[in-house]
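Everything below concerns the one structure shown next.
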Amino acid sequence: MDTYYVIKKAKDQITEIIRTKFPDADIEITAPPPELASDFAVPLFKLAKKYGKSPNHIHEEIESIFDKTGTLFDSVFFLAGYINFVLNQMEYFKYLARDALRLKNDFGKSNTGTGQSIVIDYSAPNIAKPFSIGHLRSTIIGQSLYNIFGFLGYAVTGINHLGDWGTQFGKLLYAFDNFRKKNKTEDPTIGELLDLYVLFHKKAEKEPELEDKARDYFMRLEKGDKECRKKWETFCKISLDEFKRVYTYLGGIRFDEYLGESFFFDKGQVILDEILSRRFCIFDSQEKYESFLNENGEIRSFLEKSIQSINISTPVFFLTDKGHTKAAGRISDNEKAAEFKALIDVKIKGQNKVLEKLRNITGDETQAKEILKQFESENIKSTVYWIETTGLTEKASGKISGEAQKKLQSQARCLASTGSFLYTEGDEDSGTETAKQENLLLVDLTDFGIDTPLLLQKKDGTTLYALRDLAAIKYRTDSYNPTQILYVVGSEQSLHFRQIFMVARLLGYETQCHHIDFGLYRFPEGKMSTRKGRIILLENILNEAVEKALEIIKDREIPENEKKEIARIVGIGSIKYTDLSQERRKEIVFDWAKMLNMDGNSAPYLQYTYVRIVSILNKAGTDPFSHSFETEVELTDKEHKLIMSLSRFPEILEAAARTYAPHIISGYLYSLSQDFNNFYNSTSVIRTEEADLRTARLLLCRITSIVIKNGLMLLGIEVPNRM
RNA sequence: GUGCCCAUAGCUCAGUUGGAUAGAGCAUUAGAUUGCGGAUCUAAAGGCCGGAGGUUCGAAUCCUCUUGGGCACGCCA
């Protein structure tokens with residue numbers, strides 16, 4: 001599949017033109033303000049600085065060698081520090097038409113992800129609880145990412161990591177045995193399970209000992225008690241049937257695997273063994289560390305492997321939020337050691353966020369450089385190499401002042417550690433603990449900038465979800481060999497994911513794990529809570545939306561069964577769109593009017609635009625894709641704007657994938673639809689007399705329809721053919 | 001108390017790696033030769049981008065401090 005799109009071609013040409021004169025130029029191509037007769041612009045300020053010339057001078061040099069022959073451009077001009085590139089509109093349109101003709105319904109697809117595999121963990125509803133609006137975000141954001149990455153050629157695996165294990169089942173089993181009327185023999189409904197769960201919490205407030213009883217029940221479940229297990233299976237089945245019904249209603253939701261937490265609870269021991277096999281060690285001097293190395297071959301090879309894997313002579317460094325440092329290995333290069341210390345100085349001065357970002361770099365050196373540009377404000381002079389944690393590959397370069405270096409040499413402590421820490425309560429750290437607590441296992445992560453230890457196992461020996469999640473990382477890494485694992489989970493769990501990702505790395509799982517966090521739905525008066533029964537059922541919202549959509553079309557001449565299907569597509573689409581059109585980190589205050597909005601920036605607006613295009617194409621009678629389009633016609637400004645907008649689709653998709661942000665697509669589709677409607681209201685396509693122009697306009701309609709349809713499909717939203 | 005996230009028009013939100021005069025929708029007001037489908041379009045009005053410093057040729061965007069809101073912080077998930 002050839003996915004070299006016209007917009008890429010145009011940008012490549014701009015880069016090439018500028019680089020013929022300025023070979024090392026770092027070129028940023030921007031969109032000029034709409035009222036300017038320009039299509040692409042490059043700010044020249046940085047070039048001016050780099051080459052010691054004025055922006056105007058830079059522009060003159062580029063203009064002097066600019067030759068439009070063989071390019072997509074007609075001319076260049078200078079304004080306010082920018083060089084502007086004016087397209088040969090017809091040429092650009094012809095290329096766009098060729099892209100569209102070549103790819104047809106696949107317009108927008110690319111192969112940028114070929115060879116890469118991504119695991120996405122999303123939806124993950126909890127067994128025995130109804131599917132609430134809270135799960136909607138995970139489900140549709142996750143599904144959208146699944147669609148987007150698939151469209152870009154990645155091998156995607158969607159996993160529904162069901163919440164089907166844990167102490168909550170102890171509570172439920174207890175409630176089921178003790179609170180349910182004895183004469184009831186039929187299987188409970190989800191609603192009844194929820195009532196029992198809420199009732200348990202209500203009673204437990206007054207009788208705290210119920211919590212212990214629930215823990216006993218859960219222990220029985222983990223130990224394989226047949227009766228508990230059987231009830232648990234029933235709960236799971238009831239819930240799963242319910243979930244699948246909701247997914248069907250939502251439409252377009254699919255998973256490659258339903259693998260819940262229960263699948264992993266007995267796979268945690270391997271993780272525990274791995275952790276326990278490592279030894280806690282910390283040294284207050286280089287000598288002690290080196291003598292330890294000599295005595296411990298295993299650790300030594302671990303470190304050597306780490307150092308080798310990053311392919312530099314400098315060993316692995318470690319930074320904590322406390323401002324002290326750890327270096328796993330020797331700092332053999334004095335210059336680098338000093339720079340490293342200086343880097344810490346910046347840290348101590350409070351630039352936590354910069355360093356936090358450095359830590360989260362996903363392995364791309366240029367990205368790291370970008371972030372380190374911020375250090376320029378510290379008059380940074382020499383180069384710093386930054387290597388994160390135990391031999392992973394992140395690397396960044398920047399500069400640090402000599403003054404900062406000196407200051408820091410007295411401040412920074414360089415300690416050494418192997419990077420793995422675990423103790424059981426009852427060790428010398430807390431000598432008063434009793435034998436009863438010997439099963440409690442936690443990982444201390446304070447040396448890694450995380451103050452809260454990660455609990456893996458409770459004192460009664462039962463597992464916690466952190467351990468199950470670690471087992472899941474191992475399983476996913478082994479099973480799918482992914483380049484990335486995405487967790488589409490609410491931001492409230494960010495600490496949990498920081499913890500388990502850190503431990504996973506310490507254990508040597510190098511798969512990139514990302515928490516795709518999102519803000520929660522909440523009521524104006526506060527948080528939604530399953531325990532308190534304060535939730536809104538997703539289904540109620542969906543039904544309301546579908547009904548409203550049905551109300552709008554009730555008088556139209558469409559068969560009733562089709563009306564119902566249209567109402568479902570439009571109603572559900574509008575709910576999904578409302579969610580996906582918002583930046584995912586922001587919390588959403590629940591508001592009926594907003595959820596049911598079908599005017600303006602909404603799914604029905606896009607669907608409506610699509611439907612009108614379909615109508616035009618039907619009436620036109622000819623398929624503009626039936627033969628290639630290579631003739632010259634006179635295009636209006638509105639048409640050119642639409643062309644520019646259409647051509648951006650591929651890079652919009654890449655931006656959405658890069659930042660895991662479906663809302664970039666919805667924003668784009670809305671803007672595209674506005675451009676189309678603008679054109680639509682000013683120009684009659686069908687009644688265009690000049691044949692070639694008519695064909696060109698039909699072509700624009702056709703491409704727009706494909707982009708809207710594909711874009712909405714990526715958001716998990718369907719389009720009707722009429723509405 | 002500590003950490004993370006958020007703050008943009010009356011309301012709900014966009015704002016691409018820092019780029020030219022901060023954009024939409026809703027609501028309000030005034031309009032669109034009954035039209036290729038009015039769930040549409042045009043226009044008006046609406047802003048000290050929470051506040052104060054800083055970095056930069058250039059800041060809604062980066063840094064520091066601060067105010068307000070949300071979330072999390074050892075045996076729940």
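First the proteins, then the strands, lettered A, B, ... as listed; each starts at 1. Reckoned from all heavy atoms, side chains included, excluding hydrogens, waters and symmetry mates.
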Distance-only donor-acceptor test (3.5 Å): side chain A/Asp517, base B/A72: no
Contact class for A/His496 (heavy atom, under 4.0 Å): base, sugar-phosphate, or nothing? nothing
Which is more 5' along RNA chain B, the nucleotide nearest A/Arg648 or the one nearest A/Leu495? Just name the residue. A/Arg648
If the P atom of B/U34 is compared with that of B/A20, how far apart are they to the nearest Å? 42 Å
When the C1' atoms of B/A77 and B/G18 are compared, how many Å lie between them, rounded to an integer? 40 Å
Do any side-chain nitrogens or oxygens of A/His201 fall under 4.0 Å of OP1 or OP2 in B/C76? no
Please name the nucleotide paired to B/C57 by Watson-Crick or G-U wobble geometry with both distances under 3.5 Å, or report none. B/G19
Whether A/Lys586 contacts B/A14 is assessed here as follows: a side-chain N or O lying under 4.0 Å from the phosphate OP1 or OP2. Is that the case? yes
Return the pairing partner of B/C36 with a 3.5 Å limit on both distances, Watson-Crick or G-U wobble; otherwise return none. none
Check every atom of B/A77, B/U21, B/C36 against the side chain of A/Arg468 and return the nucleotide holding the closest atom. B/A77
Taking 4.0 angstrom as the limit, do A/Glu689 and A/Arg694 come out as a salt bridge? no
Apply the test side chain to side chain contact (heavy atoms under 4.5 Å, CB included) to residues A/Phe649 and A/Ile7: give CA-CA distance (whole Å), side-chain angles for both, the deciding distance (0.1 Å), then the verdict. CA-CA 9 Å; A/Phe649 189 46; A/Ile7 188 148; over 6 Å; no
A/Phe264-A/His161 aromatic ring centre distance below 6.0 Å: yes
Between B/A24 and B/A9 - C1' atom distance, rounded Å: 11 Å
Taking pairing as Watson-Crick or G-U wobble with both contacts under 3.5 Å, can you name the mate of B/C41, or confirm there isn't one? B/G31
Start at the 5' end of RNA chain B and walk down; is the nucleotide closest to A/Ala41 or to A/Thr462 reached first? A/Ala41
Just call it for A/Thr683: base, sugar-phosphate, or nothing, with non-hydrogen atoms closer than 4.0 Å on any strand. base
Remember a base hit wins even if backbone is also touched, and classify A/Gly166 as base, sugar-phosphate or nothing at under 4.0 Å, heavy atoms. sugar-phosphate
Span that lies between the C1' atom of B/G50 and that of B/U42, in whole angstrom: 35 Å
Between P of B/C71 and CZ of A/Phe518, the distance in whole Å: 15 Å
Whole-angstrom distance between B/C26 and B/C41, as gauged at atom P: 8 Å
By salt bridge (Lys or Arg N to Asp or Glu O under 4.0 Å) - contacts of A/Arg648 (at least two apart): none
Whole angstrom value for the distance that separates C1' of B/A77 from CG of A/Asn160: 15 Å
Rounding to an integer number of angstrom, what distance separates B/U61 and B/G51 when you compare their P atoms? 10 Å
Any side-chain N or O of A/Lys594 under 4.0 Å from OP1/OP2 of B/C13? yes
Which part of the nucleic acid, if any, lies within contact of A/Pro55, taking any heavy atom under 4.0 Å across all strands shown: a base, the sugar-phosphate backbone alone, or nothing? nothing
Starting at atom CG of A/Leu455, determine the distance to atom P of B/C73, rounded to an integer number of angstrom. 12 Å
Which one, B/A77, B/C36, B/G25, comes nearest to the side chain of A/Arg687? B/C36
Starting at atom CZ of A/Arg498, determine the distance to atom C1' of B/C71, rounded to an integer number of angstrom. 14 Å
Base, sugar-phosphate, or nothing: which does A/Leu79 touch, judged by heavy atoms less than 4.0 Å apart? base
Between A/Lys8 and A/Glu651, is there a salt bridge with N-O shorter than 4.0 Å? no
Pairing partner of B/U2, by Watson-Crick or G-U wobble and under 3.5 Å for both distances, is B/A72
Less than 4.0 angstrom between a side-chain N/O of A/Gln582 and OP1 or OP2 of B/C13, yes or no? yes
Looking for any heavy atom pair under 4.0 Å, which part of the strands does A/Asp469 touch: base, sugar-phosphate only, or nothing? nothing
Is a salt bridge present between A/Asp26 and A/Lys50, judged by a nitrogen-to-oxygen distance below 4.0 Å? no
Counterpart base for B/A9, defined by Watson-Crick or G-U wobble contacts under 3.5 Å: none
Please report the distance separating the C1' of B/G46 from the corresponding atom of B/A27, rounded so that it comes out in whole Å. 11 Å
Indicate whether any N or O donor in one side chain lies under 3.5 Å from an N or O acceptor in the other, for A/Glu222 and A/Thr463. yes
The criterion is side-chain contact (heavy atoms from CB on, under 4.5 Å); which residues satisfy it with A/Tyr680, sequence neighbours excluded? A/Arg612, A/Ile616, A/Phe676
Measure the distance from CD on A/Glu492 to P on B/C71 and round it to the nearest whole Å. 9 Å
Would you mind classifying the nucleic acid contact of A/Lys49 as base, sugar-phosphate or nothing, using non-hydrogen atoms under 4.0 angstrom? sugar-phosphate
Compare side-chain N and O positions of A/Ser494 against OP1 and OP2 of B/C71 and report whether any pair is under 4.0 Å apart. no
Contact state string [nucleotides 37-43 of chain B, B base, S sugar-phosphate only, - no protein heavy atom under 4.0 Å]: BSBSSS-
B/C76 OP1/OP2 closer than 4.0 Å to side-chain N/O of A/Arg215: yes
Length of the line joining A/Tyr668:OH and B/G25:C1', which is rounded to integer Å: 19 Å
When you compare B/G23 with B/G47, how far apart are their C1' atoms, in angstrom units rounded to a whole number? 11 Å
Under 4.0 Å between any heavy atoms, over every strand shown, what does A/Thr167 touch: base, sugar-phosphate, or nothing? Just pick one. sugar-phosphate
Please determine whether a side-chain nitrogen of the Lys or Arg among A/Lys213 and A/Asp216 lies less than 4.0 Å from a carboxylate oxygen of the Asp or Glu. no
Under 4.0 Å from OP1 or OP2 of B/C73: is there any side-chain N or O of A/Thr452 that close? no
Classify A/Glu35 by what it touches in the nucleic acid, base, sugar-phosphate, or nothing, heavy-atom distance under 4.0 Å. base
Nucleotide forming a Watson-Crick or wobble pair with B/C65, both distances under 3.5 Å: B/G51
One thing to verify: whether A/Arg702 and A/Asp623 come together as a salt bridge, which I'm taking to mean a side-chain N less than 4.0 angstrom from a carboxylate O. yes
Once you round it to whole Å, what is the distance between P of B/A20 and CG of A/Leu36? 11 Å
Can you measure A/Glu28 atom CD to B/C57 atom P for me and round it to whole angstrom units? 16 Å
For A/Leu464, does its backbone N or O pair with a side-chain atom of A/Gln457 as donor and acceptor, under 3.5 Å? no
The nucleotide from B/G70, B/A77, B/A20 with an atom nearest the side chain of A/Glu587 is B/G70
Could you verify whether a donor N or O on one side chain and an acceptor N or O on the other, from A/Asp164 and A/Ser262, lie under 3.5 Å apart? yes
